[in-house]
> 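Structure in structure tokens, see below.
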Amino acid sequence: GTPKGVMVEHRNVDNFFRAMDSVLERESGHGGVWVSVTSISFDISVLELFWSISRGLKLVIQQGEESAAGLLNRYQATHFQCTPSQARMLLTESGVDDGLGRLSHMLVGGEALPVDVAAQLRDKVGGSLTNVYGPTETTIWSASHRVREEDRTTIPIGTPIANTALYVLDEFLSPLPQGVIGELWIGGEGVVRGYLGREDLTQQRFRPDPFRSSGRMYRTGDKVRYREDGTLQFCGRVDFQVKLRGHRIEM
């Protein structure tokens, strides 16, 4: 197939970085080392490459054949991000326990986080383990959830990051109550300009936000529901899209 170009503006990324300051507790200290193992063709690399250096962290980019576990140990990494598929492979690498144990923050996202992977990571990561969710069309991550001991049956998407709104709507774009499954629409400062050269598709997926005085919202195609604790739970897709190692594929 042909990849879609998404027009993300600098203001979207600036807002995203400011929101991630809170998620990553940037106010609590300075310095640190971020080991980046993500391809630059994957949008989550923007966080690794530019949030890190703009916040004063040392950035280490994986090159050659050295393993992620080797890099975490050699550079005594404090920050790390990957997909759940990659995390499952990481857990099998030799010496990974020491590397994970030194981390202050680990982010896992791009696809659903399996409970067994979350449990293994939670036991090994020295700092916080955060499940993150978001499509490129709303600028990388739109929600986060600090994985807890009690997350034993499912790992929630979480709650919105700063300046982001998460709406669970029915087919008539009416809000649904807690516990009822609906489609997730995302509004706020992360919503991008649209698709490059695809005005038809832009009109299908982006709509004026009826719940705010200005702005637009994006139709994710993800089915979700609000849990009693106020977090969102992913419940599948409304279409036939699948995710393979973090990549969205239209079947």
Side-chain angles (χ1 to χ4, degrees), residues 4-27 43-47 50-51 54-55 107 109-110 130-146 156-239 241 248 250:
K4 298 191 293 288
V6 180
M7 296 184 286
V8 184
E9 300 183 6
H10 286 89
R11 66 175 181 83
N12 301 132
V13 178
D14 179 59
N15 176 78
F16 171 63
F17 282 2
R18 293 173 186 270
M20 292 306 293
D21 287 343
S22 297
V23 174
L24 294 169
E25 301 174 329
R26 194 64 201 131
E27 69 278 4
D43 67 339
I44 70 174
S45 66
V46 172
L47 177 67
F50 300 114
W51 181 89
S54 68
R55 267 51 178 177
L107 302 179
T130 303
N131 185 36
V132 280
Y133 163 88
T136 305
E137 291 87 344
T138 57
T139 313
I140 308 172
W141 303 134
S142 299
S144 68
H145 174 74
R146 189 72 56 85
I157 289 173
T159 55
I161 64 172
N163 299 321
T164 300
L166 304 180
Y167 307 123
V168 182
L169 308 179
D170 64 16
E171 58 184 315
F172 305 107
L173 301 187
S174 297
L176 292 169
Q178 174 188 301
V180 178
I181 296 176
E183 186 171 359
L184 177 61
W185 292 71
I186 302 177
E189 296 302 315
V191 179
V192 306
R193 190 186 303 175
Y195 296 111
L196 180 65
R198 294 293 305 275
E199 184 60 30
D200 57 334
L201 193 57
T202 298
Q203 292 180 3
Q204 291 176 25
R205 308 299 294 192
F206 295 85
R207 301 278 184 86
D209 190 336
F211 309 105
R212 298 159 63 97
S213 58
S214 62
R216 296 178 304 148
M217 59 181 186
Y218 169 72
R219 181 180 188 179
T220 67
D222 288 331
K223 293 192 292 186
V224 297
R225 69 177 183 92
Y226 270 110
R227 308 193 322 167
E228 291 183 358
D229 61 3
T231 61
L232 276 180
Q233 177 185 346
F234 176 72
C235 301
R237 290 287 301 177
V238 300
D239 54 21
Q241 185 186 98
R248 290 154 51 185
E250 306 291 347

> For Asn131 and Leu107, indicate whether the former's side chain and the latter's backbone hold a donor-acceptor pair under 3.5 Å.
no
> In Å and rounded to the nearest 0.5 Å, what is the CZ to NE2 distance from Phe17 to His10?
10.0 Å
> Is there side-chain contact between Thr130 and Arg146, with heavy atoms separated by less than 4.5 Å?
yes
> Under the side chain to side chain contact (heavy atoms under 4.5 Å, CB included) criterion, do Met7 and Leu196 qualify, and how do the steps go?
CA-CA 6 Å; Met7 296 184 286; Leu196 180 65; 4.0 Å; yes
> Could you walk me through whether Gln233 and Arg225 pass the side-chain hydrogen bond (donor to acceptor under 3.5 Å, both in side chains) test, one step at a time?
CA-CA 5 Å; Gln233 177 185 346; Arg225 69 177 183 92; 2.8 Å; yes
> Which residues pass the side chain to side chain donor-acceptor pair (under 3.5 Å) test with Thr220, not counting sequence neighbours?
none
> Locate the shortest heavy-atom distance separating Ala19 from Ile161; write the atom from each residue and the value.
CB-CD1, 3.7 Å
> Heavy-atom distance under 4.5 Å between the side chains of Met217 and Leu169, does that happen here?
yes
> Just jot down the side chain to side chain donor-acceptor pair (under 3.5 Å) partners of Thr164, sequence neighbours excluded, or say none.
none
> Looking at every heavy atom in both Pro135 and Ile186, which two are closest together, and how far apart are they?
CD-CD1, 3.8 Å
> Minimum heavy-atom separation for Gly190 to Thr139, with atom names?
O-OG1, 2.6 Å
> Restricting to salt bridge (Lys or Arg N to Asp or Glu O under 4.0 Å), what partner residues turn up for Asp43, sequence neighbours left out?
none
> Considering non-hydrogen atoms only, spot the tightest contact between Val132 and Ser144 and give its length.
CG1-CB, 4.0 Å
> Please enumerate all residues that pass side chain to side chain contact (heavy atoms under 4.5 Å, CB included) together with Ser174, with sequence neighbours excluded.
Asp170, Phe172
> I'd like to check Ser142 versus Pro160 (side-chain heavy atoms, cut-off strictly below 4.5 Å). Are they in contact?
no
> Any pair with a residue in residues 200-229 that passes ring-ring contact (aromatic ring centres under 6.0 Å, His included), sequence neighbours left out, goes on the list, sorted by first then second residue, please.
Tyr167-Phe211, Tyr195-Phe206, Phe206-Tyr218
> Given side chains that start at C-beta, do those of Phe234 and Leu184 come closer than 4.5 Å, heavy atoms only?
no
> Answer whether the closest heavy-atom distance between the side chains of Leu166 and Leu232 falls below 4.5 Å.
yes
> Distance check, rounded to the nearest 0.5 Å: Ile157 atom CD1 versus Thr231 atom OG1?
9.0 Å
> Check Gly221 against Arg205 and note the closest heavy-atom contact, atom names and distance.
N-NH2, 3.7 Å
> Check whether any side-chain heavy atom of Val192 lies under 4.5 Å from a side-chain heavy atom of Thr138, and answer yes or no.
no
> Give the intermediate values and the outcome of side chain to side chain contact (heavy atoms under 4.5 Å, CB included) for residues Val46 and Trp51.
CA-CA 7 Å; Val46 172; Trp51 181 89; over 6 Å; no
> Can you name the residues that form a side chain to side chain donor-acceptor pair (under 3.5 Å) with Glu199, not counting sequence neighbours?
Gln203
> Rounded to the nearest 0.5 Å, how far does CG of Leu201 lie from NZ of Lys4?
6.0 Å
> For Thr136 and Val8, which heavy atoms make the closest approach, and how far apart are they?
O-CG2, 4.2 Å
> Should Asp200 and Arg198 count as an ion pair when the cut-off is N to O under 4.0 Å?
yes
> Can you tell me how far apart CH2 (Trp141) and OH (Tyr133) are? Round to the nearest 0.5 Å.
10.5 Å
> Taking only residues two or more places apart in sequence or in another chain, which ones pass side chain to side chain contact (heavy atoms under 4.5 Å, CB included) with Asp14?
Arg18
> Assess whether a salt bridge exists between Glu137 and Arg248, defined as any Lys/Arg side-chain N lying under 4.0 Å from an Asp/Glu carboxylate O.
yes
> Holding to side chain to side chain donor-acceptor pair (under 3.5 Å), I want the full list of residues that pass it with Ser45, two or more places apart in sequence or in another chain.
none
> Can you list every pair that meets side-chain hydrogen bond (donor to acceptor under 3.5 Å, both in side chains) and has a residue in residues 178-193, with sequence neighbours left out?
Glu9-Arg193, Glu183-Arg219
